[in-house]
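We use all heavy atoms of the structure for the numbers below, so side chains are in, but hydrogens, waters and symmetry mates are not. FYI, the numbering just counts along the sequence from 1. Owing to the predicted nature of the structure, the values given are computational and were not obtained by experimental measurement.
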Amino acid sequence: MQLGINNWSLPSGLSLEETFRMVKQAGFDTIELNMSEFNDSDINSFGIATENSQFLTTLTNSEGLLKIKEISEMYDLPISSITTDLHWKYRLNDENPTVREQGKEVAKRMIDACHILGGDTVLIVPGVIKTEDSYEEAYRLAQQTLKELSFYAEKANIYLGVENVWNRFLLTPLEMKRFIDEINHPFIKVYLNIGNILQFGYPHQWVEALGSRIVKVHVKDYKLSAGNTTGFTKLLSGDVNWIEVIEGLKRVHYTGPLTAELTPYRYYPEQLVNDTAKALKLMLDN
């Protein structure tokens, strides 16, 4: 397994080159970028964001993507995957077909970008359940939308990694397994988020149940005593049994990156990058 980190985990205000240099010097093998939505005033002529350190936007053009890839290659730091938070806004299981189409367009832009950048996976939030929704219909619409996207993803040779998130949807490993198996497409896999599981279940059980369906893994820790989103914390400071998790991933022959998805420290935020690399190395060396 490899050491990975999501760009959200880095301090804000870094340049592209500073970002890749910091991650490489800390000892990571891969980096994951996030696609954001920006107004024209927030981006340069390449469609790259200029006012924070997220860079990749829905307006980033091919020249901008090649510029990012050039820096990735310069630091020998591959871009493993792309994520976004836009599918909370443009739900892939929304009853409104216009909203679903907007979500599909975001996914297609992620797929195109990932292909150019040399990655192999885009993270997908399959849907969000609201109190007024029919769960059964939301389930059906999520599968329908992913089936529609699967052909586009396969053509680009990019996996769609369905993530378990706090969206009141796909809440058990068996439901996630059923959801993926019913779609039955080789490019529809699971992006397993270890920290998101602990409040509702046991991560090693998800690993065992999903097995080869897992295409990527997000790691963060969680303190059960919090009982809400304030419980998410840096690696090895929460209640995740990382020994069980790593052993489980080895048993199902997972060989991809463990990509840390964490919030930078309030003070000396760059230290989180180094602390996370050390924690991951410790987890994988034992």
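- Separating the NZ atom in Lys189 from the CD1 atom in Ile214 is a distance of 10.0 Å, to the nearest 0.5 Å.
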| query | So Lys104 and Glu101, salt bridge (Lys or Arg N to Asp or Glu O under 4.0 Å) or not? Walk me through it. | reply | CA-CA 5 Å; Lys104 284 171 61 179; Glu101 284 301 316; 3.2 Å; yes
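- Ring centroids of Trp206 and Phe200 are separated by 6.0 Å or more, keeping the two rings apart.
- A salt bridge does not link Glu208 with Arg251: every distance from a Lys NZ or Arg NE/NH1/NH2 to an Asp or Glu carboxylate oxygen is 4.0 Å or more.
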| message | Please evaluate residues Glu261 and Asn193 with respect to the criterion side chain to side chain donor-acceptor pair (under 3.5 Å), reporting the C-alpha separation (whole Å), side-chain torsions for both, the decisive distance (0.1 Å), and the verdict. | response | CA-CA 9 Å; Glu261 185 190 36; Asn193 190 310; 3.2 Å; yes
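- By the 4.0 Å N-to-carboxylate-O rule, Glu70 lies too far from Lys67 to be salt-bridged with it.
- Under the 4.5 Å side-chain criterion, counting only non-hydrogen atoms from C-beta, Tyr254 is not in contact with Leu192.
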| Audit row: Thr83, Asn34, side chain to side chain donor-acceptor pair (under 3.5 Å) steps and yes/no | CA-CA 5 Å; Thr83 71; Asn34 311 289; 2.3 Å; yes
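- To the nearest 0.5 Å, the span separating OG1 on Thr60 from CG on Leu65 amounts to 6.0 Å.
- For Ser81 (side chain) and Val122 (main-chain N/O), no donor-acceptor pair under 3.5 Å exists by modelled atom type.
- Taking the side chain as every heavy atom from C-beta outward, Trp242 and Asp221 approach each other to under 4.5 Å.
- Looking at Glu137 and Arg140, a side-chain N of the basic residue comes within less than 4.0 Å of a carboxylate O on the acidic one, giving a salt bridge.
- In summary, Asp133 and Arg91 engage in a salt bridge, as defined by a charged side-chain N under 4.0 Å from a carboxylate O.
- To the nearest 0.5 Å, atom CD1 of residue Ile197 and atom NE2 of residue His204 are 10.5 Å apart.
- In this structure, Val162 is not a member of the same hydrophobic cluster as Tyr159, with clusters built from ILVMFWY side-chain heavy atoms closer than 4.5 Å.
- Classified by interplanar angle (parallel below 30°, tilted 30° to 60°, perpendicular above 60°), the ring pair His218/Tyr191 is tilted.
- The side-chain heavy atoms of Ser150 and Ile183, taken from C-beta on, include no pair separated by under 4.5 Å.
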| Residue pair Asn241, Tyr202: steps toward the side chain to side chain donor-acceptor pair (under 3.5 Å) verdict | CA-CA 9 Å; Asn241 186 331; Tyr202 299 100; over 6 Å; no
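- The residues Glu182 and Arg178 are annotated as salt-bridged, a charged nitrogen and a carboxylate oxygen being separated by less than 4.0 angstrom.
- Taking the side chain as every heavy atom from C-beta outward, Phe169 and Val125 never approach each other to under 4.5 Å.
- Using a cut-off of 4.0 Å between Lys/Arg side-chain N and Asp/Glu carboxylate O, Lys216 and Glu163 are scored as not salt-bridged.
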